[in-house]
Amino acid sequence: MFMCICFISSRCPHKPLSVLVVTMSAKESKVHAFVRVKPTANFPQDMIKYGPDNKSIDIYIRRDVKKGVVNNKQTDWSFKLDGVLHNASQDSVYDAVARDLVSQALDGYNGTIMCYGQTGAGKTYTMTGATENYKHRGIIPRAIQQVFRAVEEHIDQSITVRISYLEIYNETLFDLLSTMPHDMSGDTHMAVVEYPQGVFVKGLSMHPASHEEDALNLLFEGETNRIIGEHTLNKNSSRSHCIFTIYIESHSRILSDAKYTASKINLVDLAGSERLGKTGSEGQVLKEATYINKSLSFLEQAIIALADRKRDHVPFRQSKLTHALKDSLGGNCNTVLVANIYGEAVQIEETLSSLRFATRMKWVTTEPAINEKYDPERMVKNLEKEIVLLKQELAMHDSLVNRSLVNYDPLNEIQIAEINSQVRRYLEGATDDIDIMNIRQIQEVFNQFKVILSQQEQEVEARLRNKYTLIDKGDFAAITAAQKAGLVDAEGHLVGEVDGQGFGIGVAPLSKPGGKKVKAKKAKEQLSPITRKEGLGSPVLGKDLDSVSPSRSQLVTSAKDLDVKEGLIREQDAASIETHRSESVPKEESHRPSSPPAKLVAFEEFKNERGSEINRIFKENKAILSDRKKKASEITHRLNLIKQEMDITKQALGAQKKEREEQGEYVNEEGQIIIDEEEFLLVMKLKDLKKQYRCDFDELRDLKAEVQYCQHLVDQCRNRLISEFEIWYNESFLIPEDVQEAIKPGGNIRPGMIPMNRVLCLDEDEQERFDRLQGEVLPACPDSTSFYNAKMKTDQKHKYFRAMAALQQMHKKPGLITATVKNKPPAALHVI
Ligand code: ADP
Ligand code: MG
């Protein structure tokens with residue numbers, strides 16, 4: 001069972017238009033083989049015997065006859081076939097061999113009949129017959145007759161018939177109908193070519209035949225040409241293979257169906273199968289005999305291969321004959337072989353050979369299948385009709401559901417642009433929804449989402465490229481260069497790469513317990529994969545600051561950098577508490593790297609060492625904050641539950657009260673309303689719930705205040721950590737050593753001067769100032785917390801920037817360090 005759909009090239013000589021071919025499911029079948037015995041007066045009855053069912057033939061060779069006749073030890077042979085045609089008329093041969101096959105061809109199945117046998121055994125007689133005697137006409141004229149009778153009978157079918165006649169002689173293709181006018185244009189060079197739907201002979205003329213006579217004329221024309229060729233080209237007709245083909249195309253006259261069937265009947269008169277040794281030919285004849293033997297033995301090889309199911313390759317292309325018959329032998333074709341034999345003892349050797357060939361053919365399986373095709377023009381017309389009908393249906397449906405003016409035509413450029421802008425507005429939040437109009441519009445909306453997404457991706461990439469040097473993972477040259485520069489490790493991973501990402505902020509591996517020297521070296525090697533053009537991770541050398549342009553040497557950490565670090569801190573909050581090293585190696589002992597490490601690599605180191613205390617406090621504060629937040633959320637949840645319970649109780653009380661009023665209230669002597677126990681319990685429950693609610697509410701309020709406070713502390717710590725780190729980083733990697741020397745204890749700055757990192761902490765603590773402000777301002781305006789928080793953060797940032805700028809100035813004028821430090825008011829350098 002198989003189904004194939006394919007488009008045939010318009011260059012196919014047999015069908016100028018592209019055609020969709022669908023081959024329907026096929027049923028497996030065997031090649032049928034018959035043997036036809038040429039009548040003779042000397043039929044060796046003791047040598048050739050037929051089975052009682054006329055489907056087998058036995059050969060017996062007496063020893064004395066065997067001597068000198070066959071050089072074979074076996075003396076008896078039995079061949080099983082589909083029929084033995086002995087003394088059979090042309091008529092009965094046709095019925096046995098061809099009638100069904102032709103009839104099936106009219107239903108769309110391909111069919112092939114081949115005559116095989118030694119020269120003179122009756123192949124041409126069987127296939128073409130005596131052209132001068134109607135009664136003795138062979139399979140071809142009879143097949144033509146059957147086809148045209150069917151054409152007349154099938155009035156519901158429009159059947160077209162075309163004919164071609166091919167001769168293969170000495171591996172050369174001859175068109176036996178080339179003398180007839182035909183509509184083939186262009187290349188007449190003949191060659192066997194394969195198309196998905198079958199094998200064709202390119203350049204072979206095809207002739208339409210509207211009547212039996214037309215077709216017979218073509219047959220006779222071909223026969224004449226064959227004989228002429230024999231004389232003029234010195235061909236020996238017994239050495240050539242002839243293939244007469246009837247092409248049938250059947251369209252339904254009733255259905256407007258684009259589907260039609262197209263089949264062909266190959267009627268093959270093979271060359272004489274006699275052995276070369278027996279011919280004793282020389283020269284031209286020898287060449288011919290060699291070719292004949294070759295092509296027939298290739299035919300035999302192909303048949304053996306076809307019969308062997310384990311073989312997946314069949315050598316069809318070895319000869320023109322097997323190539324041309326490729327789809328007639330193993331394909332979706334009904335195939336019949338007639339082995340023509342002499343009924344004479346003297347020819348017994350060739351007879352045996354032909355019978356062997358015939359039985360081999362019987363092993364070959366084929367899968368006859370109807371060749372259904374689609375007429376593209378008709379198909380388009382049918383589809384157009386269908387579209388018109390469906391549009392009408394749609395219009396009717398729309399009017400039934402009051403949807404008017406919906407256009408189902410393909411969208412034009414303006415409509416697409418409108419959808420694009422709608423999607424953009426949606427993404428920007430300017431509009432909340434996009435109305436659904438029809439499928440086309442929905443598809444376009446999605447399409448525009450895709451378009452915008454890809455545009456944005458490109459923009460982001462362009463921006464990144466503008467800012468960073470990105471290395472393409474597939475660009476091996478760039479990776480090699482980067483490896484040389486130390487930006488990429490040996491495995492091709494970008495240094496500091498996280499989760500195999502192409503680029504990103506690097507996270508340094510945990511410091512090895514090998515002292516700062518090792519770490520400093522590592523940090524130096526592990527430069528950020530993103531070679532920033534400014535700021536974070538800039539490979540600016542501390543000693544080369546003078547030569548660097550102001551923008552490149554800017555030491556300011558941008559707000560974005562801070563965000564990145566905050567993100568990092570948050571990420572690491574979840575991590576287990578790191579082991580702190582109690583002692584950090586003194587700065588003096590460290591080997592200063594020739595270029596600064598990536599900031600985030602250094603940040604890890606800083607947190608473990610110089611910043612370990614503040615990092616610890618930061619983490620503790622975070623833990624407290626998270627705990628308080630969790631508690632607040634629990635209480636909120638509890639409050640909601642109490643509220644729900646209160647509502648239910650109130651409802652129940654309402655119902656009780658209503659019932660009581662309906663039944664008439666009971667009042668005691670003091671004028672008090674008496675209620676039943678159930679109502680009483682509800683009243684008490686509500687009272688308890690209210691109390692609990694108030695209690696929890698108060699607790700929540702306090703907790704919220706606490707959360708706010710803790711949050712503030714955490715933010716404070718975070719800022720502090722970052723600021724301290726920046727200072728440490730600049731000191732360690734960017735501030736020239738001479739400046740460091742100067743501000744070191746015992747350096748050339750006069751006694752009383754405070755080392756750089758200490759100078760930065762002299763001013764009123766920001767927290768203190770904030771607390772003071774809170775004390776002064778907040779009682780009057782309690783809602784101002786966020787405002788002041790923000791203000792404080794901005795102030796901190798600006799101060800930090802100023803401090804960094806001042807440091808840079810100091811570096812540019814080393815001689816003025818003391819004065820600068822001396823003259824600058826400490827507040828200007830204050831950094832938290
Ligand atoms: P082949 O094509 O195999 O070389 P032909 O078909 O040309 O052989 O036959 C050789 C001769 O034998 C022809 O004259 C043909 O008419 C005659 N012949 C072959 N088979 C029969 C047959 N079954 N009945 C009568 N004559 C036959
Ligand atoms: Mg012949």
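As the structure lists them, so they are numbered: ligands from 1, and atoms in each ligand from 1.
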Flag: protein heavy atom within less than 4.0 Å of atom 14 (O) of ligand 1: no
So which heavy atom in the protein is nearest atom 11 (C) of ligand 1, and how far is it from that ligand atom? Lys38 NZ, 3.8 Å
If you count the atoms of ligand 1 from 1 in the order shown, which ones are under 4.0 Å from a heavy atom of Pro39? 22 (C), 23 (N), 24 (N)
Assess His136 for proximity to ligand 1: is some non-hydrogen atom of it under 4.0 Å away? no
Aromatic ring proximity His86/Tyr50, centre distance under 6.0 Å: yes
Side chain to side chain donor-acceptor pair (under 3.5 Å) assessment of Asn332 paired with Asn371: CA-CA 9 Å; Asn332 61 348; Asn371 297 286; 3.0 Å; yes
For atom 6 (O) of ligand 1, closest protein heavy-atom neighbour: Tyr125 N, 2.7 Å
Audit row: Thr179, Asn225, side chain to side chain donor-acceptor pair (under 3.5 Å) steps and yes/no: CA-CA 8 Å; Thr179 47; Asn225 285 337; 2.9 Å; yes
Take Tyr247 and Ser164 through the test side chain to side chain donor-acceptor pair (under 3.5 Å) and record every step on the way to the result. CA-CA 8 Å; Tyr247 305 87; Ser164 73; 2.9 Å; yes
Answer with yes or no whether Asn340 contacts ligand 1, where contact means a heavy atom under 4.0 Å from a ligand atom. no
Residue pair Ser250 / Gln157, side-chain donor-acceptor N/O under 3.5 Å: yes
protein heavy-atom neighbour closest to atom 10 (C) of ligand 1 works out as Gly120 O, 3.6 Å
Which of the ligand 1 atoms, numbered from 1, are nearer than 4.0 Å to a heavy atom of Gln118: 3 (O)
Under 3.5 Å, is there a donor-acceptor pair between the Asp58 and Ser78 side chains? yes
When you measure from the centre of the six-membered ring of Phe357, is the NZ or CZ of Arg360 closer than 6.0 Å and no more than 45° off the axis? no
Ligand-residue contact atoms, ligand 1 with Thr119, heavy atoms, under 4.0 Å: 4 (O)
Taking only non-hydrogen atoms of Gly117, do any sit less than 4.0 angstrom from ligand 1? no
Report yes or no: is the cationic atom of Lys49 (NZ for Lys, CZ for Arg) under 6.0 Å from the centre of the six-membered ring of Tyr60, at an angle within 45° of the ring normal? yes
Honestly, is Lys264 close enough over Phe200, meaning NZ or CZ under 6.0 Å from the six-membered ring centre and within 45° of the axis? yes
Do the side-chain N and O atoms of Glu194 and His323 include a donor-acceptor pair separated by under 3.5 angstrom? yes
Taking N, O or S atoms only and a limit of 2.8 Å, check whether Thr124 reaches the Mg ion (ligand 2). yes
Could you tell me, atom by atom, which parts of ligand 1 come under 4.0 Å of a heavy atom of Gly122? 1 (P), 3 (O), 5 (P), 6 (O), 8 (O), 9 (O), 19 (C), 20 (N)
State whether any protein heavy atom lies less than 4.0 Å from atom 21 (C) of ligand 1. yes
I'd like to know whether ligand 1 has Ala121 as a neighbour, heavy-atom separation below 4.0 Å. yes
Sub-4.0 Å heavy-atom contact, Gln90 with ligand 1: no
Considering only protein heavy atoms, which is closest to atom 2 (O) of ligand 1, and at what distance to one decimal place? Thr124 OG1, 2.7 Å
